[in-house]
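Down below is the structure, laid out as structure tokens.
As the structure is a computational prediction, the values presented were derived from the model and not from experiment.
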Amino acid sequence: QVTLVESGGGPVQAGASLRLSCKASGRTISTWAKAWFRQRPGKEREFVAAIRWDGSRSQYADSVEGRFTVFRDDDKNTVDLFMSDLQPDDTAVYYCAATETMYLPIGVSEYNYWGQGTQVTVSS
């Protein structure tokens with residue numbers, strides 16, 4: 001069993017940067033695909049970013065491409081999301097997710113393990 005715990009959310013002003021971190025415990029996820037999703041108010045959970053197990057490839061939603069970067073640290077068993085130039089439309093609960101695959105899935109249903117979420121609120 002894997003437990004994922006996010007941290008780093010909070011309120012920020014538009015244009016600010018924020019780094020979210022997700023720590024896995026229970027077993028190593030170094031060979032797993034890892035991703036970040038978000039759920040904006042009144043909307044369904046949506047894909048934000050994902051990174052392949054070996055870090056050789058990452059993928060981003062169009063809305064965050066060029067502003068967000070996903071990192072992994074196998075030694076720490078973590079996956080981080082660095083967010084820059086945040087805008088009010090980025091306000092959401094951000095979730096990290098992981099699944100045991102060597103591919104790079106981006107669908108909600110393709111991930112087996114989820115964190116509890118961390119709130120990011122961007123004010124204008």
Side-chain angles (χ1 to χ4, degrees):
Q1 186 69 16
V2 172
T3 301
L4 303 175
V5 178
E6 303 96 336
S7 62
V12 295
Q13 296 282 329
S17 298
L18 204 59
R19 187 180 187 113
L20 306 182
S21 185
C22 175
K23 171 73 174 176
S25 60
R27 61 172 289 186
T28 180
I29 58 171
S30 61
T31 59
W32 293 21
K34 296 165 273 290
W36 287 89
F37 291 79
R38 69 185 181 187
Q39 189 159 12
R40 293 184 278 185
K43 298 191 176 181
E44 295 186 353
R45 195 169 299 190
E46 62 181 359
F47 169 75
V48 174
I51 188 165
R52 196 168 175 263
W53 70 276
D54 59 355
S56 63
R57 184 179 166 218
S58 56
Q59 190 164 343
Y60 298 90
D62 290 344
S63 58
V64 307
E65 182 82 55
R67 298 188 298 125
F68 290 14
T69 306
V70 59
F71 299 92
R72 85 196 202 290
D73 188 327
D74 291 341
D75 291 337
K76 295 180 180 178
N77 218 23
T78 58
V79 55
D80 289 5
L81 183 69
F82 178 74
M83 307 182 292
S84 64
D85 190 25
L86 283 161
Q87 299 301 316
D89 201 39
D90 294 316
T91 294
V93 177
Y94 284 75
Y95 299 89
C96 72
T99 193
E100 194 168 6
T101 179
M102 291 193 169
Y103 298 103
L104 189 57
I106 64 171
V108 171
S109 63
E110 297 177 281
Y111 283 85
N112 301 113
Y113 295 95
W114 293 83
Q116 81 290 350
T118 184
Q119 176 72 47
V120 173
T121 303
V122 185
S123 57
S124 57

For the residue pair Thr101 and Thr99, confirm or rule out a side-chain donor-acceptor distance under 3.5 Å. no

Excluding sequence neighbours, so at least two apart, what forms salt bridge (charged side-chain N to carboxylate O under 4.0 Å, His left out) with Asp74? Arg72

To the closest 0.5 Å, what do you measure between OG (Ser7) and CD (Gln116)? 9.0 Å

Heavy-atom closest contact (Trp32 atom, Val2 atom, distance): CH2-CG2, 3.5 Å

Show the nearest heavy-atom pair for residues Tyr111 and Pro105, with the distance to one decimal. OH-O, 2.6 Å

Correct closest heavy-atom pair for Tyr95 and Gly115 would be CD2-O, 3.6 Å

Can you sort out the partners of Asp54 under salt bridge (charged side-chain N to carboxylate O under 4.0 Å, His left out), two or more places apart, ordered by chain and number? Arg52

Quick check: closest heavy atoms across Leu4 and Ala24, and the distance to 0.1 Å? CD2-CB, 3.6 Å

Residues in salt bridge (charged side-chain N to carboxylate O under 4.0 Å, His left out) contact with Arg27, at least two apart in sequence or another chain: Glu100

Rounded to the nearest 0.5 Å, what separates atom SG in Cys22 from atom OH in Tyr113? 13.5 Å

Filter on ring-ring contact (aromatic ring centres under 6.0 Å, His included), then keep only pairs touching residues 38-59, sequence neighbours left out; what's left? Phe37-Phe47

Are Arg19 and Asp80 close enough for a salt bridge, meaning some N to O gap below 4.0 Å? yes

Indicate yes or no for a side-chain donor-acceptor contact from Asn77 to the backbone of Ile29 under 3.5 Å, with no hydrogens or angles considered. yes

Members sharing Leu81's hydrophobic cluster (side chains within less than 4.5 Å): Val12, Leu18, Leu20, Trp36, Val48, Ile51, Tyr60, Val64, Phe68, Val70, Val79, Met83, Leu86, Tyr94, Val120, Val122

Are any side-chain N or O atoms of Ser17 and backbone N or O atoms of Ser84, one a donor and one an acceptor, separated by less than 3.5 Å? no

Counting N and O atoms only, with roles assigned by atom type, does the side chain of Gln87 sit under 3.5 Å from a partner on the main chain of Asp85, one being a donor and the other an acceptor? yes

First locate atom CD of Gln13, then atom OG1 of Thr121, and finally report the distance between them rounded to the nearest 0.5 Å. 11.5 Å

Is any side-chain heavy atom of Val5 less than 4.5 Å from a side-chain heavy atom of Thr3? yes

Return the minimal non-hydrogen interatomic distance between Pro88 and Ser123, and the atom names on each side. CG-C, 4.4 Å

Using the test salt bridge (charged side-chain N to carboxylate O under 4.0 Å, His left out), find all partners of Glu46 that sit at least two apart in sequence or belong to another chain. Arg38, Arg40

Tell me whether Glu6 contacts the main-chain N or O of Gly117 through its side chain, where contact means a donor paired with an acceptor under 3.5 Å. yes

